[in-house]
Amino acid sequence: MDEDTGHALDDPLRTKGTSFTHEERRRLGLLGLLPHAVTTLDEQVRRSWGEVRRQATDLDRYIYLRALQDRNERLFYAVLAADVPTALPLVYTPTVAEGCRRFSEIWRRPRGLYLSWPDRDHLAEALRNRRQREVDVIVVTDGQRILGIGDQGVGGMGIPVGKLSLYTLIGGIDPARTLPILLDVGTDNPTLLDDPFYLGWRHHRIDDDAYLAFVDAFVAAVQDELPDVLLQWEDFATPHAHPILERYRDRLLTFNDDIQGTAAVALGALRGATEVAGVPLRDQQVVMLGAGSAGIGVMEMVRQEMVDQGLSPDEARARCWVVDVRGLLTGDRDDLSDAQRAFARDPADVAGWGVEGLPGLADVVAHVTVGVLLGLSTAQGAFTEDIVRTMAGRVDRPIVFPLSNPTENAEARPADLDAWTGGRALIATGSPFPPLHREDGPDIPVAQCNNVYIFPAVGLAVTAARATRVTDGMMRAAAGALGDASPALSDPRAPLLPRWADVRDVADDIALAVARRAVADGVAPAASDEDLRAAVRRTRWEPTYGADGSA
Ligand SMILES: NC(=O)C1=CN([C@@H]2O[C@H](COP(=O)(O)OP(=O)(O)OC[C@H]3O[C@@H](n4cnc5c(N)ncnc54)[C@H](OP(=O)(O)O)[C@@H]3O)[C@@H](O)[C@H]2O)C=CC1
Ligand SMILES: CC(=O)C(=O)O
Ligand SMILES: [Mg+2]
């Protein structure tokens, strides 16, 4: 009984803490190990929220919730589910950014796998040591581009842990079947290299061929051990993100969240926005500030959507403008990747503008009737009052999405956008912001256009449908289903994306659309809609206590 006793109380996936009944306590050898009272899960949830609120700062709340996750996973998810809008900013952006920055300082217990360069010849062994035997979803990062806060080395682990908790909360993926992984190939962050408490491999980053060989070895180990797993790449720096995706997308069940997930959520939010603006995407001029993985990924999907709405590829391209830290992407630049080059403008397009050097965002907005302004640049405040007022002087309903994370990286604050446009801007942000105040009616919530609307549903879809690949069509299907769920389609004053209270129902709808497309694309076994719907339902894990303490 001794070992079982330890398991029932200490195993975070099985414990019920004070909710073990007296009968269970006798049967599992727990008698005397708990105070007498038997609480319900609901009481535990309320008590935990009291604890969360009593913490002094959001970082303390993050630490409390992460500790709860390590202690009792079902309670942790029941706590999150009880108040998603309050919980999300604590376990995800913006607080997770602080959790990553201070990862070594706030370290409590291990979770997931740390695959370090010095152990490169033993990756398969390390993978075999995982606590979870069967795994549906891996989220992996190398910590180099964490949100908009750069290289966090081993601290990047906060992101796979956080994303996977949302796979469970929103997508219903069984937490026992999720695996966060950190590839520790060093860090170029001088603060971390100098930090005596830094827990990662204290070394500058490995790069180039050696880096790619390490990633190859990691993928080979995953394929051997977990051939059916969904492998999500997260927060890789742009020079690695695209090449890695291209290398594996036709060989594995895999996708890059920053490139593809962000694209799908942005397109989903644009659906409601263009509807309210009364100008379809095919008739908009779209400007993206930021030409990293996320910005280019979004623009690729935007352009494809314009083509689907009837434009030729060249016509669609002519409506897309991408600006990075140097300025507009133009064909005469020699610093562009292939993915960026696809959006480079002919220098002749801007020759008549009379601008010295490369046009910047303000120049583009001054010379083009921009209807959609998107930001994935990490550049705080880059959507200035002048830029936004100029844009709003040309179009009735300017669509402005400052999407960079965390909060301090946003290209503009919604309240400012609202003021500068006289309430006409259609806004969505990457991190949460307070609602917009209205004198003549209720406050208007700001949609959070974050890939969290997409990746949990994609995970649910591929798990339920037993898909073997993530196709572009599946990501488009996700965008379409999310767009269909936009509250703004039926009420122009409503937010562009669904309320958090509805996010799990919306995830089911997205998952069904993605699963259906997986079958249509031939990457999942044939199944009827009814079968897929039932599979989605069956796959969804719920945070409840079973009838006894054994499972
Ligand atoms: N809302 C969401 O769901 C998501 C949001 N994001 C956010 O998007 C941001 C970017 O991510 P990602 O693309 O991966 O990051 P990158 O660092 O790869 O890309 C940033 C891009 O912005 C450019 N840039 C930097 N500073 C400026 C500036 N002052 N003016 C104009 N352009 C600038 C960079 O140019 P250069 O390379 O020349 O320096 C680069 O092209 C992050 O903040 C991230 O958190 C990402 C994914 C999802
Ligand atoms: C949301 C997200 O994936 C990012 O900011 O990187
Ligand atoms: Mg990311």
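Counting starts at 1 for both ligands and their atoms, following the listed order. Sequence positions, counted from 1, serve as the residue numbers for this chain.
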Visitor: Using only heavy-atom distances, determine whether the side chains of T378 and N409 contain a donor-acceptor pair under 3.5 Å.
Guide: no
Visitor: So which protein residues pack against ligand 2 under 4.0 Å, heavy atoms counted?
Guide: Y92, R145, L147, K163, E234, D235, D257, D258, N405, N450, N451
Visitor: Should the pair D338-R341 be classified as a salt bridge under the 4.0 Å nitrogen-to-oxygen rule?
Guide: no
Visitor: Counting only heavy atoms not in R476, do more than 12 sit closer than 6.0 Å to its CZ atom?
Guide: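 Yes.
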Visitor: Does the pair R469/D250 count as a salt bridge with the N-to-O cut at 4.0 Å?
Guide: no
Visitor: Could you tell me whether the side chains of T384 and D386 share a donor-acceptor contact shorter than 3.5 Å?
Guide: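 Note: T384 and D386 side chains miss the donor-acceptor criterion.
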Visitor: Just the protein N/O/S atoms under 2.8 Å from the Mg ion (ligand 3), please, no waters.
Guide: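 Near the Mg ion (ligand 3), the protein supplies E234 OE2, D235 OD1, D258 OD1.
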Visitor: For a 4.5 angstrom cut-off between non-hydrogen side-chain atoms, does I181 reach L127?
Guide: yes
Visitor: Strictly below 4.0 Å, N to O, side chains only: are D346 and R317 in salt-bridge contact?
Guide: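 No salt bridge links D346 with R317.
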Visitor: Cation-pi check, R303 to F343: give yes when NZ or CZ is under 6.0 Å from the six-membered ring centre and within 45° of the ring axis, no otherwise.
Guide: yes
Visitor: Answer with yes or no whether the side chains of T178 and Q132 bring together a donor and an acceptor at under 3.5 Å.
Guide: no
Visitor: What residues come within 4.0 Å of ligand 1, counting heavy atoms only?
Guide: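 For ligand 1, the contacting residues are R145, L147, G148, T238, D258, T262, L289, G290, A291, G292, S293, A294, D324, V325, L376, S377, T378, A379, L403, S404, N405, G430, C449, N450, N451.
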Visitor: Assess the side chains of Y92 and N450: does a donor N or O sit below 3.5 Å from an acceptor N or O?
Guide: yes
Visitor: What residue pairs, at least two apart or across chains, pass salt bridge (charged side-chain N to carboxylate O under 4.0 Å, His left out) with a residue in residues 90-100?
Guide: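 Found E98-R101, E98-R102.
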Visitor: Flag the pair R333 and D335 as a salt bridge only when some basic side-chain nitrogen lies within less than 4.0 angstrom of an acidic carboxylate oxygen.
Guide: yes
Visitor: State whether a side-chain donor-acceptor pair under 3.5 Å links H242 with N256.
Guide: no
